[in-house]
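Letters A, B, ... mirror the listed sequences (proteins, then strands); counts begin at 1.
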Number of protein chains: 2
Amino acid sequence: MTQTIKAGASAAKQPLARDVRQRLAAAGGRTSHDLGLGRIVGQMLVYLYLWDGDCSLDQIAEDLGLSKAAVSVSARQLEHLGMIRRTWRESDRRKYYRTVDNVGVALRQGVLSILRNKIEAMAVELDAAHAALKTGARADAELQFLAGRVKRAKVLRDRTQQMLGHPLLALLLPSR
Amino acid sequence: MTQTIKAGASAAKQPLARDVRQRLAAAGGRTSHDLGLGRIVGQMLVYLYLWDGDCSLDQIAEDLGLSKAAVSVSARQLEHLGMIRRTWRESDRRKYYRTVDNVGVALRQGVLSILRNKIEAMAVELDAAHAALKTGARADAELQFLAGRVKRAKVLRDRTQQMLGHPLLALLLPSR
DNA sequence: TATAAAATTCACACTTTTCTGAAAGTTCAC
DNA sequence: GTGAACTTTCAGAAAAGTGTGAATTTTATA
């Protein structure tokens with residue numbers, strides 16, 4: 001590699017720092033995996049959060065023991081999610097990234113949006129069921145029961161959606 | 001099979017009803033899968049929710065096209081989670097299940113508890129990191145930065161945990 | 001414009017997760 | 001007790017999901 005004496009540029013200076021970063025990155029990986037976003041996304045986000053300044057894809061790949069391919073894909077995903085942003089350095093064609101200033105907020109919004117999507121998927125099905133049942137005869141007892149349950153579920157869903165809309169955001173977003 | 005003329009006992013009477021149930025069950029399966037609980041759990045819960053009265057494992061397995069094995073395991077899981085409860089019928093050694101009366105509440109509590117667990121996993125790591133850094137020298141700039149970030153993350157985590165404690169429960173549980 | 005360094009894409013190998021079928025275990029009516 | 005009807009367990013097949021390396025494309029300089 002070329003000389004790398006730029007401020008905070010490369011290679012672990014403190015082994016302790018490196019350990020801590022890797023350990024927390026692993027934890028982040030588990031979390032994001034559980035959220036259905038893949039492990040690497042979480043690893044990278046935590047790694048960048050714990051890195052002072054900008055960081056090249058190269059470095060991330062090497063430090064976390066991942067392929068450049070995986071890092072490249074996840075970087076774009078994270079950027080798209082608004083968790084990290086790209087930066088440039090003169091006479092260096094590598095891509096550098098850093099966490100967005102308000103990662104906390106972005107994170108919560110992201111999680112909420114995932115939740116909303118999942119609820120929305122169910123919502124669509126419920127509406128379809130509702131429509132199908134409305135069409136059908138309302139003389140049949142089984143159909144009536146079904147219609148009742150679907151209705152109750154819709155109420156539940158609406159309430160949840162509402163809740164995810166107002167109070168949570170009001171409660172969450174103010175925090176820096 | 002033996003005669004099955006008991007009220008609401010077996011076999012689909014209404015094809016429409018059967019379709020609606022299966023479709024919504026599939027949606028539930030996807031949701032629970034996303035939550036990391038496996039597909040069948042969600043399928044079964046929705047199926048039972050949409051079934052008027054008690055339901056045997058046999059019937060569920062047949063109607064959803066699943067093996068008895070899978071159904072048996074998931075039934076216990078759901079029972080353990082407090083989402084369904086077992087019922088009996090005279091001179092019938094099969095196991096019957098039905099959704100608990102307040103499925104909505106149980107569901108929300110379940111989801112919240114899953115969330116809390118995931119956060120807790122991260123919390124442990126953060127504390128470990130905090131401890132490790134406190135021990136290390138505080139002269140080093142890199143370590144100081146790291147410690148600062150860990151601290152901020154802890155604040156975030158505490159806030160989230162708090163929020164999952166109070167306001168949500170207050171908002172969610174009152175609904176029937 | 002040529003070229004070299006880096007990023008990206010893609011087919012596929014690997015890992016993990018999920019489900020099933022067969023066998024063993026329970027339970028209850030007789 | 002015995003046997004028939006269910007349930008449960010478990011090994012391993014099938015399916016999903018992930019990550020990698022080789023090849024390709026992009027990009028920035030000279």
Are the side chain of B/S74 and the backbone N or O of B/V71 linked by a donor-acceptor pair below 3.5 Å? no
Run the side chain to side chain contact (heavy atoms under 4.5 Å, CB included) test against A/A106 and tell me which residues pass, sequence neighbours left out. A/M83
Set out, line by line, the N/O atom pairs under 3.5 Å between protein and nucleotides 8-11 of chain D.
| unit_1 | atom_1 | unit_2 | atom_2 | d |
| --- | --- | --- | --- | --- |
| D/dT8 | OP1 | B/K95 | NZ | 2.4 |
| D/dT8 | OP2 | B/S72 | OG | 2.5 |
| D/dT8 | O5' | B/S72 | OG | 3.4 |
| D/dT9 | OP2 | B/R76 | NH1 | 3.3 |
| D/dT9 | OP2 | B/R76 | NH2 | 2.8 |

side-chain N/O A/R39 vs D/dG19 OP1/OP2, d < 4.0 Å: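 Checking A/R39 against D/dG19: at least one side-chain N or O falls below 4.0 Å of OP1 or OP2.
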Which residue lies toward the 5' end of DNA chain D, A/G38 or B/D92, if each is placed at its nearest nucleotide?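 Per heavy-atom nearest nucleotide, the more 5' residue is B/D92.
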Nearest nucleotide by nearest heavy atom, which residue falls closer to the 5' end of DNA chain D, A/R86 or A/S67? A/S67
Under the salt bridge (Lys or Arg N to Asp or Glu O under 4.0 Å) rule, what pairs show up with a residue in residues 64-87 of chain B, not counting sequence neighbours?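 Every salt bridge (Lys or Arg N to Asp or Glu O under 4.0 Å) pair that includes a residue of residues 64-87 of chain B, provided the two are not neighbours, is B/D58-B/K68.
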What salt bridge (Lys or Arg N to Asp or Glu O under 4.0 Å) pairs are there with at least one residue in residues 28-39 of chain B, not counting sequence neighbours?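 Salt bridge (Lys or Arg N to Asp or Glu O under 4.0 Å) check on residues 28-39 of chain B returns no pairs.
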Name every residue in residues 24-36 of chain A that has at least one heavy atom under 4.0 Å from any atom of DNA chain C, in order of residue number, or write none if there are no such residues. none
Roughly how many Å is it from [atom1] in [X] to [atom2] in [N], rounded to a whole number?
X     : N     : atom1 : atom2 : value
B/Y96 : D/dA5 : OH    : P     : 14 Å
B/Q59 : D/dC6 : CD    : P     : 13 Å
B/D58 : D/dA5 : CG    : C1'   : 9 Å

Of all nucleotides in DNA chain C that come within under 4.0 Å of a heavy atom of chain A, which is furthest toward the 5' end and which toward the 3' end?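 Boundary nucleotides touching chain A, in 5' to 3' order, are C/dA4 to C/dT9.
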Please step through salt bridge (Lys or Arg N to Asp or Glu O under 4.0 Å) for the pair A/E125 and A/R157, ending with a clear verdict. CA-CA 11 Å; A/E125 289 294 332; A/R157 171 204 67 180; over 6 Å; no
